[in-house]
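Inspection log for the structure reproduced underneath, given as structure tokens.
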Amino acid sequence: MIALAAITVATPPAHAVEAVNVRQDTPAIDLTAATELQHTETDRIQVSTAPGPDGIVRRIEVHAREHNTNWAVFALTNNGDEQIDRLIVVPHYRMVGSGLIWPDLGLSRVASITPSTGDRPLRQASSTADIFRVTLDPGTVITFVAELRTDKLPQIYLWEPDAYKDKVNSFTLYYGIVIGIAGLLALFLTILFVVKGSMMFPAAAALGWAVLIYIGIDFGFWGKVFDMTAGAERIWRACGEAILSATLVVFLFAYLNLSRWHVRYMHITVAWLAALAALIGVAVFDPAVASGIARLSLACIAVLGLALVIYLSTHGYDRAVLLIPTWLLLVVWTFAAGLCVTGIITNDIIGPALLGGLVLIVMLIGFTVMQHAFAGGITHGIVSDVERRALALTGAGDLIWDWDVSADKVYTSPETEHLLGLKRGTLEGAAAAWLDVLHPLDRDRFRAALDSAVEQRRGRLHQDFRLRAADGHYAWLSLKARPVVGSDGEVVRLVGTLTDVTDFKNAEERLLFDAVHDNLTGLPNRELFIDRMESTFAFVKSDATLKPAVVVIDIDRFKQVNDSVGMAVGDSILLTIARRLSRLLKPQDTLARLSGDQFALILMSEREPTRVVGFAETMRRALRAPIAFNDREIFLTASIGLAMPDTQAARPEEVLKDAELAMYHAKRIGGDRIEIFKAAMRSRKTDRLTIESELRRAIEREEIKVLYQPIVRLEDRAIAGFEALARWDHPKLGRLSPVEFISIAEEIGLIVDLGLFVLDRTARQLASWQAANRSHEPLFASVNVSSRQLLRHDLIQDLRGVLGRTALARGSLKLEITESLVMENPEHAAQMLARIKELGAGLSLDDFGTGHSSLAYLQRFPFDTIKIDQSFVRTTARGTRPVILRSIIALAHDLGMDVVAEGAETDSDAVELYHLGCEYAQGYAFGEPMTAEAATDLMADKPPPRLSPLKIASE
């Protein structure tokens with residue numbers, strides 16, 4: 001509505017605008033600076049018109065057609081003599097000045113234009129701009145009020161119609177060329193992806209399609225194809241920028257193969273892509289926010305990508321070096337785009353130029369990818385089987401060996417002669433010439449192997465032999481060859497490879513030597529000594545004049561000496577003793593080291609008993625000679641046992657045991673003496689007094705060791721705890737199981753001290769584990785309690801002291817008590833167990849099912865765990881195990897107790913127990929009793945060292 005006079009309204013009046021003179025010869029005028037933007041509180045605006053030819057300023061009021069409150073006011077004048085037709089053009093979207101944060105993504109800007117005089121301008125059809133046709137009569141001044149749909153007006157131009165048409169046509173041609181190139185490039189990269197399966201090719205193809213989509217939106221191409229609305233175009237534009245940013249991330253990750261450098265690169269890439277994928281959802285609700293984040297992401301990718309490319313280039317990565325020029329161009333493009341969107345560069349040509357530059361960058365990326373697609377020769381092409389075998393042989397590093405049988409000429413790789421330090425051509429010639437450089441022990445085998453391959457005309461030759469090098473040493477080589485049969489059925493050549501296996505053979509020999517020799521002295525160990533005894537006894541059966549004697553020497557009080565001077569000096573003393581004894585022997589005699597300070601001897605050089613005893617006396621005196629150490633002398637004595645058996649019927653193991661019994665007898669009666677074995681000594685080999693006296697000193701000497709057997713949580717196969725098991729490392733008898741000394745300890749009253757020692761050691765170790773592994777469920781450890789301990793009231797005081805010295809989780813230190821022990825005195829046991837529970841210790845009923853199994857008493861005792869005896873866990877012939885186990889487990893659960901199954905030997909046992917509802921299992925399927933260090937390694941996912949079967953005693 002136009003009024004020529006002022007009318008009082010609620011909107012504030014605007015100042016008069018200055019008219020822009022429109023000339024006939026001017027094709028385009030930028031009206032942006034001459035346009036005033038107004039905002040009103042209502043949908044009406046009062047405007048002061050530009051002064052007319054008569055100089056009068058009028059007032060007009062305009063009512064919004066779409067109830068908008070944003071307005072643009074400008075004035076045009078025609079001072080010429082001819083009528084002028086012009087187009088008012090307001091673009092929907094301009095990259096220039098669109099903004100970096102919350103950018104302006106384009107929209108129809110102008111709802112209508114109202115002139116101060118004359119007819120309303122006619123809207124022209126266009127999907128990319130608001131275009132209105134105006135006619136200016138000669139000598140008129142017209143003020144135009146444009147109703148705006150947004151508060152932003154990026155640009156308003158006045159165009160001569162033909163000039164605008166030419167401009168649109170020229171840009172349309174440019175857009176078509178750029179879109180055509182982008183489409184062909186995306187199609188080509190897709191075809192390349194189909195031909196080449198490497199990850200970089202689909203990533204490059206995705207980038208090409210993303211650029212095509214993006215420039216198609218910016219050029220308005222997709223709007224013509226899909227007839228999308230202005231609001232939908234904003235969403236598409238924001239999504240296109242997010243997709244472009246995402247495909248750049250994917251290409252950079254795939255091309256540089258970042259997963260090979262560090263797994264963290266993959267995590268960063270996945271997180272970045274997830275964030276960009278979320279932007280597509282954000283774009284539906286707020287395209288400006290999504291577009292702003294996508295533009296910041298694009299800038300970060302360019303800068304960080306350049307830093308990453310340069311970093312990898314400095315580390316010798318060829319792919320990164322090839323990408324440097326392209327990525328530098330991308331950084332320049334990003335910088336120019338930043339200047340454009342922030343409005344620092346305002347030229348109209350900058351937007352289309354940037355999009356064309358983006359296509360150029362993708363084209364360079366495509367060329368870079370093509371270098372990898374078609375480079376590499378036969379590495380990426382089709383190779384023949386012969387070429388593939390040649391490549392495999394080169395990669396394996398093996399040497400070629402070829403024997404032309406008909407010409408009797410051997411060819412081998414030059415590396416073979418270089419390995420041996422020989423001149424080139426030394427190993428080429430007749431096969432018989434190889435015999436000169438072969439080790440004498442390998443010549444017959446080598447000749448027989450070649451003859452057999454030629455005669456049989458089939459099969460495969462595999463031979464290890466030694467070749468003499470120029471400096472005289474021998475190198476081990478492994479020959480793998482097969483015969484080539486000619487048309488006449490005869491072998492024409494033998495072709496194969498040579499491999500240097502010297503290191504492997506040396507390691508094998510070293511392992512074999514270490515397996516049967518002592519690491520410190522180099523003497524034979526017990527296994528080799530017994531083997532030598534068997535060979536000697538077998539030889540003696542054919543010569544009755546030979547009378548071998550077996551001598552066992554043990555150093556008296558060597559442990560005290562070792563403790564006083566240290567392990568290093570102790571080892572030096574043992575080496576000195578070994579050398580002294582070796583100097584007394586003759587070539588036919590054998591000296592071995594059986595254990596720490598115990599040596600053994602097979603004496604063949606002396607046959608008469610008196611001379612054997614005399615030789616033993618010589619050894620005793622030699623060992624008594626002082627050993628100098630710094631400024632002090634160490635005096636040692638030895639107990640020596642002799643066995644002179646009837647070699648026709650004796651067994652080596654028994655003879656060695658007889659000599660050891662004689663040595664123990666010499667040690668018991670004071671040491672530093674020689675004893676000859678007598679049959680009566682066998683009856684004293686299990687002398688109870690000796691065991692008792694040695695057991696009393698075992699704890700002081702730290703001979704009692706605590707081993708730990710894992711208890712596993714069946715739900716996740718994680719280690720939940722350990723059972724502490726005592727073992728006695730007897731200095732003479734080796735490792736003894738509890739069966740061999742616990743009963744004696746109970747009878748002589750030593751079980752209390754022994755039990756307290758195991759309890760204290762286990763508590764300290766458990767506290768150390770719990771401090772190092774603060775998991776949701778703390779580790780627990782179980783310790784067996786004997787009847788003597790349970791009946792003593794001091795057990796409560798001892799347990800209070802142990803718990804007070806260690807910071808343990810409540811209930812994690814469990815005392816294991818057998819059914820039979822509890823049922824010996826149920827009333828007293830109930831009181832003791834209740835007090836133990838109050839102190840914070842756990843209680844476990846051991847060997848459940850093998851004793852009384854009184855359910856009435858079981859309810860009275862405060863046990864929190866039941867351990868099912870292994871006899872119920874192991875498979876029975878009647879197949880009743882599941883029924884019994886299920887009943888026991890259900891009973892325990894009804895009483896609120898956990899269940900530990902002992903004797904789980906196989907994985908199938910563990911699976912069945914888990915399905916029956918059992919929480920924990922213990923057995924060799926999960927680990928043998930092991931040291932605390934091995935248990936710590938096991939919890940840290942390190943394979944525990946397996947204990948020797950000779951050192952693992954049954955519980």
Side-chain angles (χ1 to χ4, degrees), residues 514 516-530 550-585 589-603 616-629 632-643 656-675 677 685 690-691 693-695 697-698 700-705 728-736 948 950-951:
D514 292 343
V516 293
H517 287 81
D518 175 56
N519 291 332
L520 177 63
T521 62
L523 297 175
N525 60 13
R526 178 181 287 269
E527 287 75 15
L528 182 57
F529 184 75
I530 293 176
V550 177
V551 184
V552 175
I553 306 124
D554 187 88
I555 309 302
D556 298 328
R557 296 177 299 279
F558 182 76
K559 188 177 187 306
Q560 288 82 346
V561 174
N562 206 16
D563 292 340
S564 63
V565 299
M567 296 291 293
V569 178
D571 290 345
S572 298
I573 293 174
L574 290 175
L575 284 171
T576 301
I577 293 172
R579 283 194 291 266
R580 286 185 181 182
L581 294 176
S582 299
R583 284 196 292 266
L584 299 175
L585 303 182
D589 301 328
T590 299
L591 177 66
R593 184 188 179 197
L594 301 184
S595 61
D597 60 345
Q598 192 175 104
F599 297 84
L601 171 66
I602 302 175
L603 188 62
E617 181 63 26
T618 302
M619 288 194 299
R620 189 180 70 85
R621 288 196 301 268
L623 294 175
R624 285 174 61 90
I627 299 175
F629 170 63
R632 59 186 292 190
E633 291 184 337
I634 298 175
F635 293 87
L636 297 174
T637 60
S639 298
I640 300 176
L642 296 177
L656 181 59
K657 289 181 180 179
D658 292 343
E660 288 177 334
L661 287 173
M663 180 271 296
Y664 287 139
H665 183 73
K667 187 173 289 291
R668 277 197 299 268
I669 58 179
D672 191 21
R673 57 187 296 119
I674 301 169
E675 287 292 328
F677 171 76
K685 67 179 180 180
T690 304
I691 295 295
S693 62
E694 292 176 342
L695 182 57
R697 296 189 295 270
E700 300 174 359
R701 297 173 177 175
E702 296 184 357
E703 295 173 0
I704 302 298
K705 306 295 183 184
W728 182 11
D729 285 340
H730 194 282
K732 309 303 179 185
L733 303 179
R735 174 160 290 180
L736 302 180
S948 170
L950 298 175
K951 294 184 178 181

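Residue numbers start at 1 and run along the sequence shown.
Judged as a salt bridge (charged side-chain N to carboxylate O under 4.0 Å, His left out), and not counting sequence neighbours, D589 has no contacts. Taking the side-chain contact (heavy atoms from CB on, under 4.5 Å) definition, one finds that R701 meets it with K559, R697, E703, sequence neighbours left out. Applying the side-chain contact (heavy atoms from CB on, under 4.5 Å) rule to D518 yields the partners L520, T521, R593; only residues at least two apart in sequence or on another chain are considered. With sequence neighbours left out, the side-chain contact (heavy atoms from CB on, under 4.5 Å) criterion links T618 to L584, R621. Listed by chain and number, the residues in a side chain to side chain donor-acceptor pair (under 3.5 Å) with R624 are D672 (sequence neighbours excluded). Residues passing the side chain to side chain donor-acceptor pair (under 3.5 Å) test with S595: none are found, sequence neighbours excluded. Residues forming a side-chain contact (heavy atoms from CB on, under 4.5 Å) with S582 (at least two apart in sequence, or on another chain): L523, L591.
Residue K705 places its NZ atom among more than 12 non-hydrogen atoms of other residues, nucleotides or ligands, all under 6.0 Å distant. Atom CD of E702 is surrounded by 12 or fewer heavy atoms from other residues, nucleotides or ligands within 6.0 Å.
For the 3.5 Å distance criterion, the side chains of S639 and D554 fail to qualify, holding no donor opposite an acceptor.
Summarising the geometry of G641 relative to A662, their closest heavy-atom pair is CA-CB, 3.7 Å, with the distance given to 0.1 Å. R580 and L623 make their closest contact through NH1-O, 3.9 Å (heavy atoms, listed as atom of the first residue, atom of the second, distance). Contact record, L656 with V550: CD1-CG1, 4.3 Å, taken as the closest heavy-atom pair. Contact between H517 and N525 at its shortest, heavy atoms only, is N-ND2, 3.6 Å. Closest approach of D658 and F677 over heavy atoms only: O-CD1, 3.3 Å. A pairwise comparison of heavy atoms in E633 and P626 identifies OE1-CB, 4.0 Å as the closest pair.
A salt bridge links E660 with R526: at least one charged nitrogen is closer than 4.0 Å to a carboxylate oxygen.
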Test log, rule side-chain contact (heavy atoms from CB on, under 4.5 Å), inputs I640 and R673
CA-CA 6 Å; I640 300 176; R673 57 187 296 119; over 6 Å; no
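The salt bridge (Lys or Arg N to Asp or Glu O under 4.0 Å) analysis of residues 568-579, with sequence neighbours excluded, yields no pairs.
Rounding to the nearest 0.5 Å places CE of M619 at 12.5 Å from CD1 of I577. Atoms CG and CZ, from L594 and F529 in turn, are 6.0 Å apart once rounded to the nearest 0.5 Å.
Side-chain contact between L636 and I555: present, with at least one pair of heavy atoms (C-beta onward) separated by less than 4.5 Å.
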